[in-house]
Amino acid sequence: MRFTRLMTKTMRTDPAEAETPSHRYMLRTGMVFQVAAGVYAYLPLAWRSLRKIEGIIREEMDAAGGQEIRMPALQPIELWDESGRSKTFGKALFTLKDRRERGMVLAPTHEEVISQLAKTYIQSYRDLPVIPYQIQTKFRDEPRSRAGLIRVREFDMKDAYSLDADEDGLESSYRAMAQAYRNIYERCGLPALMAEADSGAIGGKDSHEFILPTPTGEDTVITCDGCDYAANLERATGVKPPLAPEAPLPMEEVSTPGVKTIAALSDFLRAPESKTLKAVFYDADGETVFVTIRGDLEVNEVKLSNHLKAAALRLATEEEVSRAGLVAGSASPVGLEGIRRVADDSILSGANFVVGANKPGAHLLNANYPRDFEVDEVLDIAMAAAGQECPGCGGTLKSVRGIEVGHIFKLGTFYSETMGVQYLDREGRRRPVIMGCYGIGVGRLLAAAIEQNHDDKGIRFPVPIAPYHVHLVGLNLTDPDVATAAEDLYRRLWNAGVECLYDDRPEETAGVKFNDADLLGLPLRVVVSRRALANGSVEARRRGDKAATLLPLADVEQDVKGLLFT
RNA sequence: CGGGGCGUGGCGCAGUGGGAGCGCGCAUGGUUUGGGACCAUGAGGCCGUGAGUUCAAACCUCACCGCCCCGACCA
């Protein structure tokens, strides 16, 4: 491709709205064009890169036993009523009506259609296992799109579905997919880590996310410095800092005028926060729930929500709190009745806690469970935190931000059962198909690759996903000899299988061309100039290298390939 | 949906009642040509939309729309 023909324009200044590096550079290079919030057009450079990523994904999915299919994005809403997800997916589901006023959806994912397909084509254990997959456009009316291609409302996703006869089969499909994912990230230049995850709206039990660590990410992952434990903060468990054992003391009331927060209470009584119990009030699908946890810990709302099986969990409003008879600032489980009480198991970790007295301006010292209060459930609902001990190996937990570049789920029989996907086993018995599903956002992967591979001058594309291999820069192009040599090299490189973008602009200065080359970030820059030609050479520099090397023109193709592919 | 911010040529911005501007980019001519050159000339804007206030609105008021950022959700 010639630069003068490329339908792209580079920008010298950062667009005001772009804050994350990948977003900034994708706009400045002219890779993407924004049409609406979270809706983008892909221009030639981005599209070439995306197609390369798709190619890598296809190769790895096929190698892992997948078979590519294609399902429609436009689907009848009845299908979603059947699985129940027209409700549970909520407002993120794009819905519309056709001319006959029938409800339709623009699909955000394809478990429903796969289930329909499976009902027809999977009849016997002999038909299993299969792993159909597709790369196709998804629609999700996200509450908020952000950071360029990181989070958008229309995006291409590779979604795969494993159909197995039993749990062992699922296990083996899941492992094969996980390995395929690791291969994909490695080939895209991404050191992604595999973390235990919450399965969210898709449903199911076990799931893992692949996270690319980067400060601009929107997820937090807890990792261990002593072992390979990694889990999304939503699900991670840390060892709660232990308290020194004490003999229980008699409970007594103290006056704490105006003290409403744990920090103020700790300060007022000169007691560590870990010796207090805090109270938090939630609304779970309309029911007010009382939650208590040790003062130095935070409630993990995902864990709580999963336990309560709540579709919508949020903090209760002041009005709901007072209607439930709770005293914000001085609430505790002591004497509390007529409301669901959930406690974090940290209440078992010590004795003589400071708790609210359930009346304004007063707290109780030396509250002990179960001597002084009752709760309905005790379980781990605490947020893990950096610095805590790893539950597996005793190492120290760390916290990293990252971008979720893939998510795999063991769905089990949820869709098989709700949608009636069954097969006949060897004994002629009907059994539900065991399903898994596996997603990678293609555009997000590109954005993540740029987040991971850039510097202050621009992108640094890894070779396998670069739109072109070589950025051929012609200097002194008004000199016919140089122009001819550059044209000749351009042809030779393509003939040798090296994908080449040729900056053939005759008037631009060297500085402009070099800066554009750095910005676009193709892996190898080759400069044809009067100066280098005088030595019978061209100049080559890998993006990111400091020094250039002279390559003799005689067998420049081999040298270029050597620099690119070894 | 809650909180914050912003809508003025392609991009970045100034302009806060009375002539729509600057830089970059773009076009033409000329001089340049190894890290974002210089000179000259020129094109390009119902100042997000609609109502209102006013003799007069990019500017003040109200409403709406759009976009960005922070939070609740996800590939």
Side-chain angles (χ1 to χ4, degrees), chain A residues 9-20 23 27-28 30 33-39 57 88-93 108-109 135-160 181 192 197-202 207 209-212 216-219 232 234 301-302 305 311-315 317 403-409 437-448 457-458 473-479 482 505-519 525 527-532 539 541 548:
Chain A
K9 196 160 283 287
T10 57
M11 295 180 202
R12 293 195 183 196
T13 47
D14 287 333
E17 77 266 20
E19 297 195 353
T20 20
H23 190 199
L27 287 171
R28 278 191 57 189
F33 174 84
Q34 184 176 13
V35 175
V39 181
I57 292 173
T88 56
F89 223 93
K91 287 182 157 180
L93 191 65
T109 168
I135 297 174
Q136 188 251 14
T137 307
K138 304 288 185 260
F139 299 88
R140 294 185 186 178
D141 199 355
E142 295 287 344
R144 182 161 85 90
S145 44
R146 65 174 286 271
L149 293 194
I150 298 289
R151 185 176 203 73
V152 291
R153 297 191 297 167
E154 175 183 322
F155 61 102
D156 290 345
M157 178 165 97
K158 186 285 299 172
D159 46 323
Y181 272 44
D198 182 72
S199 50
I202 308 278
S207 94
E209 285 171 343
F210 291 84
I211 302 280
L212 175 75
T216 52
E218 39 184 10
D219 280 86
N232 192 301
E234 294 174 349
E301 296 184 3
V302 173
S305 172
L313 181 77
R314 56 169 174 78
L315 286 172
T317 61
I403 300 170
E404 182 189 357
V405 289
H407 202 157
I408 61 179
F409 302 81
C437 75
Y438 313 88
I440 291 184
V442 182
R444 181 127 113 193
L445 200 55
L446 172 60
K457 309 209 80 169
V473 176
L475 298 183
N476 324 114
L477 287 178
T478 46
D479 178 336
V482 181
R505 291 175 291 180
E507 303 292 341
E508 291 299 347
T509 60
V512 170
K513 293 189 172 194
F514 290 154
N515 280 302
D516 275 343
D518 288 340
L519 181 64
R525 188 184 84 189
V527 179
V528 180
S529 67
R530 204 180 279 137
R531 195 162 89 185
E539 203 178 278
R541 192 176 82 176

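Below, chain A is the first sequence line, B the second, and so on; all start at residue 1.
Closest to the side chain of R151(A), out of U32(B), G36(B), C74(B), is C74(B).
With rounding to the nearest 0.5 Å, the separation of OG1 in T478(A) from CD in E507(A) is 7.0 Å. Separating the CD1 atom in I211(A) from the CG atom in D219(A) is a distance of 4.5 Å, to the nearest 0.5 Å. For the atom pair K138(A) NZ and D159(A) CG, the distance stands at 3.5 Å (nearest 0.5 Å). For the atom pair T10(A) OG1 and L27(A) CG, the distance stands at 12.5 Å (nearest 0.5 Å).
Considering only residues two or more places apart in sequence or on other chains, E234(A) meets the side-chain hydrogen bond (donor to acceptor under 3.5 Å, both in side chains) condition with none of them. Residues satisfying the side chain to side chain contact (heavy atoms under 4.5 Å, CB included) criterion with T137(A), sequence neighbours excluded, are F139(A), E154(A), D156(A). Qualifying ring pair (Phe, Tyr, Trp, His ring centres under 6.0 Å) partners for F210(A), counting only residues two or more places apart in sequence or in other chains: Y181(A), Y185(A).
Not one side-chain nitrogen or oxygen of Q34(A) sits closer than 4.0 Å to the OP1 or OP2 atom of G66(B). Of the side-chain N and O atoms in R12(A), one or more sit less than 4.0 angstrom from OP1 or OP2 of G25(B). Phosphate contact (OP1/OP2 of A37(B), side-chain N/O of T509(A), threshold under 4.0 Å): present.
Comparing the same atom, C1', in A72(B) and in G10(B) gives a spacing of 37 Å after rounding to whole Å. One C1' atom belongs to G2(B), the other to U54(B), and the distance between them is 37 Å to the nearest Å. With P as the reference atom, G18(B) and C59(B) are 11 Å apart, rounded to whole Å. Of the P atoms belonging to C1(B) and C11(B), the separation is 28 Å, rounded to the nearest Å. Going from the C1' atom of G50(B) to that of U41(B) covers 40 Å, rounded to whole Å.
Note on D156(A): nothing from the nucleic acid sits closer than 4.0 angstrom, heavy atoms only. Contact annotation for A36(A): backbone-only contact, meaning every heavy-atom pair under 4.0 Å involves sugar-phosphate atoms and none involves a base. Nucleic acid contact for S145(A): sugar-phosphate only, since backbone atoms but no base atoms lie under 4.0 Å from a heavy atom of the residue. Counting non-hydrogen atoms under 4.0 angstrom, V405(A) reaches the backbone sugars and phosphates but no base. Within 4.0 Å (heavy atoms only), G511(A) reaches sugar-phosphate atoms of the nucleic acid but no base atom. If you check every strand for non-hydrogen atoms under 4.0 Å, A447(A) touches nothing. Nucleic acid contact class of R505(A) (heavy atoms, under 4.0 Å, all strands): none. Residue A37(A) is in sugar-phosphate contact alone, with no base atom involved, counting any heavy-atom pair closer than 4.0 Å across all strands shown.
Listed for the K513(A) side chain is a donor-acceptor partner under 3.5 Å among the backbone atoms of G474(A). Under a 3.5 Å cut-off, the side chain of R444(A) and the backbone N or O of I150(A) do form a donor-acceptor pair. The closest donor-acceptor contact from the side chain of N476(A) to the backbone of R530(A) lies under 3.5 Å.
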For nucleotides 70-72 of chain B, give me every protein contact, N/O to N/O, under 3.5 Å, one pair per line with atom names.
residue: C70(B); atom: OP2; partner: R144(A); partner atom: NH1; Å: 2.9
residue: C70(B); atom: OP2; partner: R144(A); partner atom: NH2; Å: 2.6

Every protein N/O within reach of nucleotides 9-16 of chain B N/O, cut-off under 3.5 Å:
residue: C11(B); atom: O2'; partner: T13(A); partner atom: OG1; Å: 3.0
residue: G12(B); atom: OP1; partner: A16(A); partner atom: N; Å: 2.9

Check the interface with nucleotides 26-30 of chain B: list each N/O to N/O pair with the protein under 3.5 Å, or write none.
none

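Separating the CG atom of D141(A) from the P atom of A75(B) is a distance of 16 Å, rounded to the nearest angstrom. Atoms CZ (R140(A)) and P (C73(B)) sit 15 Å apart, rounded to a whole Å.
Both distances falling under 3.5 Å, in either a Watson-Crick or a G-U wobble arrangement, place G66(B) opposite C6(B).
One finds no salt bridge joining D141(A) and K91(A) here, because no Lys/Arg side-chain nitrogen approaches an Asp/Glu carboxylate oxygen to under 4.0 Å.
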